[in-house]
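Source: prediction; values computed, not measured.
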Amino acid sequence: MLSFLVLTIEFLGVIGYNIYMEYLKQKNKIIIKNLNNFNIKHILECGQVFRYENCGDYYLVISDSQIARIFSYANETVIECTDENYFENYFDLKTDYSHIKQQLSQFEVLKNAMEYGGGIRILRQDKLEMFISFIISANNNIKRIQNSIKKLSEKFGTKINSKQFGDYYAFPTLEQLNKITEQDFLDAGVGYRAVQLVKFIKQLNEIDLEVFSALPTEKAINELIKLSGIGPKVADCVLLFGYYKMDVFPVDTWIEKIYNNYFSQNAQISNRTIIRKNLTDIFTKLSGYAQQYLFYYERQNKNSKKSL
DNA sequence: GTGCAGGTCAGCT
DNA sequence: AGCTGACCTGCA
């Protein structure tokens, strides 16, 4: 019955429709009708993305060379954008989060976190942008990371003139990144990561970014950490947010805290390799989702203790 | 002034 | 292999 409805609507060619998300796709616009698994605040503030801005009435998002404004209303969320197909994929609207959350609900430890961040979705972001962004993120704070990425895009990215959105800047392409000097990176405020970034970009010219897609996760990590500026944590982030591999679990200061508060039976563990192994053993193919629910919950409730 | 922020890397045992 | 300290810089 429902599939008949989908086919009918698709046949009429009026709108795109998806049985899981229940959203409409129109020219330069996506309307999210079912908000159970879509909350733009949850999505943007769970730590996976840096190029966004809270503009009061709406959120502004720039990804690669595309831009969107996201308006939240009581019964629907409206995405006004340069390319509805780009953002349908970006927000991963074809993935059924009800099913994912149902599978994760077997873990009592995730209960509050999933309730709190129930609208989280893992974005499908640009690979190159993820590499550069998460190299900058190392031992850094989010505001400064965002500033650096913004400065780099506005100075070295392609300026795009949109009637609907005005002028904005795409994230620099590899060709444009190759022209950025160490001093340029320092001017963007990335600090000592400038050296790593220049080296990394040089290394990129010898590699096809797509090769990591086909590799099993552990093998991909072993290759990635050979690159400048990339350690185990950044490798996990890139694989999760750039390659959509869900069997990784980025372990940072927050996750270390969470692990020792809610997962560890014994004394405090600071070895992140062990923490990661134990967490991926628990959450396996859904590790990436679990990580985002936990990270968002803990960061938003940073002053509370033992609240899971 | 001091400490910390989504870690990485070199230099040790 | 596993551990430790140094490390840009802006903000509380």
When you check the side-chain N and O atoms of A/Gln183 and A/Asp187, is any donor under 3.5 Å from an acceptor? yes
Are there any protein N/O atoms within less than 3.5 Å of an N/O atom in nucleotides 3-7 of chain C, and if so, which ones and at what distance?
residue	atom	partner	partner atom	Å
C/dC3	OP2	A/Asn271	ND2	2.9

What integer distance in Å separates A/Lys257:NZ from B/dC4:P? 10 Å
Span that lies between the P atom of C/dA6 and that of B/dG6, in whole angstrom: 22 Å
Rounded to whole Å, the CZ-C1' distance (A/Arg299 to B/dA5) equals 10 Å
Hey, does A/Glu256 reach any base, or is it just sugar-phosphate, or nothing, if we go heavy atoms under 4.0 Å? nothing
To the nearest Å, how far apart are A/Gln146 CD and B/dG6 P? 10 Å
Parallel, tilted or perpendicular for A/His42 and A/Tyr116, by the 30°/60° rule? parallel
Hydrogens and angles aside, do A/Thr181 and A/Asp184 bring a side-chain donor and acceptor to less than 3.5 Å of each other? yes
Residue-level proximity of residues 123-138 of chain A to DNA chain B when a heavy atom falls under 4.0 Å: A/Ser137, A/Ala138
Would you indicate what A/Arg272 reaches in the nucleic acid, counting non-hydrogen atoms under 4.0 angstrom: base, sugar-phosphate, or nothing? sugar-phosphate
Near DNA chain B, under 4.0 Å by heavy atom, which residues of residues 220-232 of chain A? A/Leu227, A/Ser228, A/Gly229, A/Ile230, A/Gly231, A/Pro232
How close or far is atom C1' of C/dG2 from atom CD1 of A/Ile275, stated in whole angstroms? 15 Å
Establish, from distance only, whether the side-chain atoms of A/Lys25 and A/Asn85 form a donor-acceptor pair under 3.5 Å. yes
Distance, rounded to the nearest Å, where A/Asp187 contributes CG and C/dC8 contributes P: 16 Å
Under 3.5 Å side-chain donor-acceptor pair for A/Asp64 and A/Tyr86: no
Do the rings of A/Phe87 and A/Tyr90 sit parallel, tilted or perpendicular, given the 30° and 60° boundaries? perpendicular
Of A/Val251 and A/Gln196, whose nearest nucleotide on DNA chain B comes first from the 5' end? A/Val251
Side chains of A/Asn37 and A/Ser98: do they bring a donor and an acceptor to under 3.5 Å? yes
Residue pairs passing the ring pair (Phe, Tyr, Trp, His ring centres under 6.0 Å) test where at least one lies in residues 134-179 of chain A, sequence neighbours excluded: A/Phe50-A/Phe134, A/Phe134-A/Phe241
Say we look at B/dG11 and C/dC8: how far apart would their P atoms be, to the nearest angstrom? 15 Å
Pairwise side chain to side chain donor-acceptor pair (under 3.5 Å) hits with a residue in residues 198-208 of chain A, at least two apart: A/Asn178-A/Asn205
Does anything in residues 72-81 of chain A form a side chain to side chain donor-acceptor pair (under 3.5 Å)? List the pairs, not counting sequence neighbours. A/Lys33-A/Glu76
Between the protein and nucleotides 11-13 of chain B, which nitrogen or oxygen pairs are less than 3.5 angstrom apart?
none

Could you tell me the separation between the CG atom of A/Leu240 and the P atom of B/dG6, rounded to a whole number of Å? 17 Å
Does A/Phe71 have any ring-ring contact (aromatic ring centres under 6.0 Å, His included) partners at least two apart in sequence or in another chain, and if so, which? A/Tyr58
A/Tyr296 OH to B/dG6 C1': how many Å, rounded? 16 Å
Using a 4.0 Å heavy-atom cut-off across all strands, classify A/Val234 as base, sugar-phosphate, or nothing. sugar-phosphate
Salt bridge or not between A/Lys257 and A/Glu298? Use side-chain N to carboxylate O under 4.0 Å. no
Please lay out, stage by stage, how A/Asn278 and A/Tyr259 fare under the test side chain to side chain donor-acceptor pair (under 3.5 Å). CA-CA 9 Å; A/Asn278 291 342; A/Tyr259 183 83; 2.8 Å; yes
Distance check needed: C/dC8 C1' versus A/Ile145 CD1, whole Å only. 13 Å
Listed range with range, the stems formed with DNA chain C by at least 3 consecutive Watson-Crick or G-U pairs (under 3.5 Å) are B:2-5 with C:9-12, B:7-13 with C:1-7
When you group the ILVMFWY residues by side-chain heavy-atom contacts below 4.5 Å and let the links chain together, are A/Ile135 and A/Leu186 in the same group? no
From the list A/Asp236, A/Ile255, A/Val238, side chain to side chain contact (heavy atoms under 4.5 Å, CB included) with A/Pro250 holds only for A/Asp236
When A/Ile132, A/Ile180, A/Leu128 are each screened for side chain to side chain contact (heavy atoms under 4.5 Å, CB included) with A/Ile201, the one that passes is A/Ile132
Got a list of protein N/O to nucleotides 9-12 of chain C N/O distances below 3.5 Å?
residue	atom	partner	partner atom	Å
C/dT9	O4'	A/Arg144	NH2	2.9
C/dT9	O2	A/Arg144	NH1	2.8

Is there a side-chain contact (heavy atoms from CB on, under 4.5 Å) between A/Tyr289 and A/Phe283 once you walk through the steps? CA-CA 9 Å; A/Tyr289 299 109; A/Phe283 297 110; over 6 Å; no
Write out all pairs satisfying ring pair (Phe, Tyr, Trp, His ring centres under 6.0 Å) with one or both partners inside residues 198-236 of chain A, taking only residues at least two apart or from two chains. A/Phe131-A/Phe200
If the condition is side chain to side chain donor-acceptor pair (under 3.5 Å), which residues does A/Glu223 pass it with, not counting sequence neighbours? A/Lys226
